Amino acid sequence: MERKQTEASGRGNRQRIVMCAETIRTRIAPSPTGAPHIGTAYIALFNYAFAKRHGGEFILRIEDTDQVRSTRASENDILEALEWTGLSWDEGPDKGGDHGPYRQSERLDIYRKHVDRLIASGHAYPCFCSSERLSELRNEQMAAKQEFIGYDGTCSMLDPQEARRRIEAGEPHVVRLKSPADGDCVINDRLREEIRIPWQTIDDQILMKADGFPTYHLANVVDDHLMAITHVIRGEEWISSAPKHVLLYQAFGWTPPMFVHLPLLRNPDKSKLSKRKNPTSILYYRQAGFLPEAVLNYLGLMAYSPADGQEEFTLEQMVATFDLDRVSLGGPIFDILKLRNFNGRYLRALTPEQLYERIKSWMLNDDTWQRVMPIAQPRLEQMTDLVPMSAFLFADRLAYDPELLVGTTGDGDRTARLLQTAQWEFEGLGDWTVERIKDVFMRMSETEDLKLKKLMPLFFIALAGSKVALPVFDSMVVLGKDMCLRRLQYALDSLATVDVTLKGKALKRFTKEYEGRYGRRN
RNA sequence: GCGCCCAUCGUCUAGUGGUCAGGACACCAGGUUUUCAUCCUGGUAACCGGAGUUCGAUUCUCCGUGGGCGCGCCA
């Protein structure tokens, strides 16, 4: 990386080498395994603000090392969502840059080389234990209420010659990082006192999976180093695995970056923000009519307050004064009510012309109407029918009558289960098209042994607010996946008012049942 | 179970040994507005508990308690 730069002095032509302060580089590294999470925007915002405050660079890296769950559809959504927020990255998979590629699945040779280095230096070793053995081991440890839960180090005792022979024989294996037996790992966190974690509690982490892909820990450390990341600003959920990262930097002989662990966004019940209890997809917020600048402003208020006490600020203003020392550590509850208030302020601050432009670029435009016309036309008697008929397409939460929802199946629990099943089924759907949506309902109809005609009324009400409405598959395309998932959740939540709930043990039981009939969910 | 992180109004937070503990959201009351919303004014509401340090602790230390996160061939 460029740490020196030449500079012509004003007078004369003498060139002198000046040592510049290292360029600050931060990154957001989402994993493309689902909807773009609002927490990603929150962490990205702080990374962006910090880097830009110091004239640095902000990088986007895609962490797609989970071959099973990563999808290109999710990656596209994440890029689209992040772009919508207005947090622009200097380097990334779509932009390129001097430190690419920025998609981890395209860097496999780099990880391979690095893991070989660790094996050669004795910091890592191949492990032949099967997944079955490991989960058995874990269960035993749990059952015995052992202090230590984790890998027992069996394969670290293997003779290297023997190990090589087994690898050459094609035996499947992973590579593990050797963890020290005693002492403490010291982590320097920019926001906290020294964090000390006993090495005894850290097991030999897998670095390379049997499929030849790296795990997060390896890929993340190698990339952060190679991409010259100076500050790793991430959620505090990572504190407990930080020792593994520190150990890797040591093993490679690299200087670790500065760690900055931000508090996690929470649900109203204080648990980590989850889609079950809150909308978490950035694209939902876009569809629900929030302005990105309001979302960013609100997110900026989580765990941070500017020195001047001003609550309303643009991204530029936040960047201009951002100060890590003003980050607070208590886990903030994500309060949609306050976000809504902020959004209202931003909406009202626009001129009517600006507002109209924003609303057009949101969804009140030709593109939407052209999709609506073909499905609305056959149902029109007067032109005045159009807007009332399509209103649900431009709404967020609909007014649900739980009795009506339950009435479609005649059974509360059954209703909840169907809604939940649909939610799970649609969550995993990649292409959001009429055909694929229809496939899902057909499959449900078959699995539930319920004619489509009997199955659909529930979903007409949940998604469109009425048993009689525009065709629901087409409507779902207009609404977008995240809004549809949200509506299903709203409907599910509304059932609670008639004492129908699907959570805790019942939910667990139903999850098993669902997986038995529909296959494992992601 | 073990490890770690955290702790000010219901919520987001300011505060860094001496403040009537401030602001914002929400809520309540009043005012402006043909209604509503906006806007303005006012109000209710917090330092988790116990020791210690100190002349004096919301603020520093320790111990509790509470909450959170982690303990995957997920990130």
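Throughout, protein chains are lettered first and strands after them, A, B, ... in sequence-line order, and every chain is numbered starting at 1. In this text, all values refer to a predicted model and were calculated from it rather than measured experimentally.
B:C36 is unpaired under the Watson-Crick or G-U wobble criterion, no partner having all donor-acceptor distances under 3.5 Å. Using N1 to N3 plus N6-O4 or O6-N4 for Watson-Crick, or N1-O2 and O6-N3 for G-U wobble, each under 3.5 Å, B:C69 pairs with B:G3. Across all strands shown, the partner of B:U41 is B:A29, judged by Watson-Crick or G-U wobble contacts whose two distances both fall under 3.5 Å.
Position along RNA chain B of the nearest nucleotide to A:P30 versus A:L337 favours A:L337 as the more 5'-ward residue.
No donor-acceptor contact under 3.5 angstrom links the side chains of A:D204 and A:S179, judged on distance only. A donor atom on one side chain and an acceptor atom on the other are not found under 3.5 Å apart for A:R348 and A:N343.
Judged by atom type and distance alone, A:K338 does not reach the base of B:A26 through any side-chain donor-acceptor pair under 3.5 Å.
Relative orientation of the A:W238 and A:H217 rings is perpendicular, given thresholds of 30° and 60° on the angle between their planes. Ring planes of A:F46 and A:Y42: perpendicular class, angle over 60° (limits at 30 and 60°).
Remark: A:R196 is not in phosphate contact with B:C5, judged by side-chain N or O atoms under 4.0 Å from OP1 or OP2. OP1 or OP2 of B:C39 sits under 4.0 Å from a side-chain N or O of A:R348. Using a 4.0 Å cut-off, some side-chain N or O of A:N341 falls inside it from OP1 or OP2 of B:A26. Residue A:K244 places no side-chain N or O under 4.0 Å from the OP1 or OP2 atom of B:C71. Look at A:T65 and you'll find a side-chain N or O under 4.0 angstrom from OP1 or OP2 of B:A75. Phosphate contact (OP1/OP2 of B:C74, side-chain N/O of A:K209, threshold under 4.0 Å): present.
In this structure, A:K272 places its NZ atom 18 Å from P of B:C5, rounding to the nearest Å. The distance between atom CG of A:D203 and atom P of B:C73, rounded to the nearest whole Å, is 8 Å. Rounded to whole angstrom, the span from the CZ atom of A:R69 across to the P atom of B:A75 amounts to 8 Å.
Between A:F334 and A:Y298, a ring centre-to-centre spacing shorter than 6.0 Å is recorded. In this structure, the ring of A:H245 has its center less than 6.0 angstrom from the ring center of A:Y216. Ring centroid separation for the pair A:Y249 and A:H225 does not come in under the 6.0 Å cut-off.
Residues of residues 296-313 of chain A having a heavy atom closer than 4.0 Å to RNA chain B, listed by number: A:L301, A:M302, A:A303, A:S305, A:E311.
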